[in-house]
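First the structure, in the form of structure tokens, and then the observations on it.
Hydrogens, waters and symmetry mates are skipped; everything else that's a heavy atom, side chains included, is used.
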Amino acid sequence: MPDNMKTKDPESSDRPPSPPASFRDATTDAVFGDITENGPNYRGLGWFATTILMTKTMIGLGVLSIPAAFDVLGIIPGVLCLLAVATITIWSMFVVGSFKLNHPEVYAIDDVGYKLFGVTGRVLFGTTFWIYWIFVSGSGLLSLSIALNAISTHGTCTAVFVAVAAIITFCLTSIRTLARISWIAWVGLFSILGAIVTLTIAVGVQDRPASAPQQGPWKTDYQLVKKPSFLEAVTAVSTMVFAYSGTSAFFAIVAEMREPRHYARSLTICQSIVTGTYLSIGVVVYYYCGSFVASPALGSAGVLMKKVTYGLAIPGLLASTVILCHVSLYLFEVSAFVKSYILYQVSSKYIFVRLLQGSHHLTANTFRHWATWLGCTFGATITAYIIASAIPVFNDLVSLVGALLGTMMSFQPMAFMWLYDNWRRSKGDRNAAWHFIVAWCIFVFLAGTFLMVAGTYGSVVQVANSYKLSGGTAAWSCADNSNSV
């Protein structure tokens, strides 16, 4: 290969002395265009910071619903279902990285939709992406309100806590680049892991869970195998899908890596940590709490430890909401003949990139740049606030999001992506491995579609039942949502 065609690993030890950072990071990117010292550097993520961002994107809200899913399924079916979902989604995440390397112009999943199905695919995938991450951000605000209620023993109206969480989220989400908010991921990751470890220890040494009868003898009633109804089972699996459905956010993360080739390294470390954490907290917390396990799981510890674990978790819950709001913007094209875009002004980085892509305002510190960015983050936060207030039961919201939108973000598109890049192989290259992965892609598509239809139905029934039990007063309520009083 000619010398001028070779690429050099920027992390190699024999590289020449580095010029100043502003010039070293200057590059022309297929998504962001010319990145220079005159604007933010959107390609500043190293592989280790990428690992932390990925792990924090995954470990956050979803892990807090897993013990409750084990309570529905039992320990053995719970572990098997979790591993099955993990296998599918980890494969999907590797497909994201390879697809990005093959198609550098891809920034998010709507670009994938455009390559696969044209404008229709862009609208379908992009709309799903936008709705999904806004709902997940709403789940983050809801979990923060539960934490504040638990710590303060319902110190004020729940709607006030949701609003406070939304204001703080807006302020932190307004930081423009992922590299500059990677410190939030660091703080958040260690915060949520600290809370989970504390919870796991606490349920093992405590007398009884916070929601169990506080007087008289008590013994955990865990079961190895339970017999849930079909709707209960598929809803529980949907919460596991939610816990692993951060896949679509990885497009934006790999787009801001200095070296996208290191994506697989970061992903391997991330998923090892994530799956180990999910299995540990799911088995241990359900084993010690039984049917009195709470959702979010941090409420499962004793009365005092419940406050402690939520206090430790607040930075982690906040970090999840900030990162999710940051990457979840959507702008879509009505047709190939329309040069302008119609903007859903309700989220953050994604819609920001779509609105300004192709313009120097994307990477320059202009008034239009800042006005667009702050408008996007404000819209994303307001929409998440409305969702958190309208569906105030954490488990209901998580299972609904996982079923209706989680599979569309982690299952079906990735099957099509692999086929798009590999279907046109010559007959000589279509070996046994190729046929196996084609069959796997078909399975992933069918499994995702089944979970989407059945899980959504079960989740909607669950939400309706929650409203009936509350007499229709749950939404926009001041009532305590942490079961602290």
Rounded to the nearest 0.5 Å, what separation is found between the CE atom of Met54 and the CE atom of Met93?
-> 8.5 Å
Counting only N and O atoms by type, is there a donor-acceptor contact under 3.5 Å from the side chain of Lys226 to the main-chain atoms of Asp71?
-> yes
Does Met257 offer a backbone N or O that forms a donor-acceptor pair with the side chain of Tyr263 under 3.5 Å?
-> no
Can you find a heavy atom in the side chain of Tyr132 that is under 4.5 Å from one in the side chain of Ser245?
-> yes
Verify the neighbour count for atom OH of Tyr287: are there more than 12 heavy atoms of other residues, nucleotides or ligands below 6.0 Å?
-> no
Lys100 side-chain N/O to Val106 backbone N/O, donor-acceptor pair under 3.5 Å = yes
Should the ring pair Trp440 and Phe436 be called parallel, tilted or perpendicular, given that the plane angle runs from 0 to 90° and is split at 30 and 60?
-> parallel
Interatomic distance, Phe242 atom CZ to Ser459 atom OG [nearest 0.5 angstrom] | 11.5 Å
Which of these, Thr89, Thr247, Ile88, sits in a side chain to side chain contact (heavy atoms under 4.5 Å, CB included) with Met414?
-> Thr247
Closest approach of Ala403 and Thr407, non-hydrogen atoms and distance?
-> O-OG1, 3.7 Å
Side-chain (Thr309) to main-chain (Lys306) donor-acceptor, under 3.5 angstrom | yes
Lys307: partners by salt bridge (charged side-chain N to carboxylate O under 4.0 Å, His left out), with sequence neighbours left out = none
Return the orientation label for the Phe416 and Phe445 ring planes: parallel under 30°, perpendicular over 60°, tilted otherwise.
-> perpendicular
Is a donor on one side and an acceptor on the other found under 3.5 Å between the side chain of Ser191 and the backbone of Gly316?
-> yes
Side chains of Leu148 and Ile314 in contact at under 4.5 Å (non-hydrogen atoms) | yes
When rounded to the nearest 0.5 angstrom, what is the spacing between CZ in Arg122 and CG in Leu116?
-> 11.5 Å
Any side-chain heavy atom of Leu144 within less than 4.5 Å of one from Phe161?
-> no
Is it true that atom CZ of Phe99 has more than 12 heavy atoms of other residues, nucleotides or ligands lying nearer than 6.0 Å?
-> yes
Between CG on residue Leu298 and CG on residue Leu317, distance to nearest 0.5 Å = 7.0 Å
Got a second to check how far Phe135's CZ is from Leu405's CG, nearest 0.5 Å?
-> 7.0 Å
Separation between CG (Leu141) and CG (Leu318), nearest 0.5 Å, reads 9.0 Å
Applying side chain to side chain contact (heavy atoms under 4.5 Å, CB included), run through Tyr278 and Met58 and close with a yes or a no.
-> CA-CA 10 Å; Tyr278 286 1; Met58 297 294 293; 4.3 Å; yes
Does a side-chain heavy-atom distance below 4.5 Å link Thr200 with Tyr288?
-> no
Taking Ser300 for the side chain and Pro209 for the main chain, is one N or O donor matched with an acceptor at less than 3.5 Å?
-> no
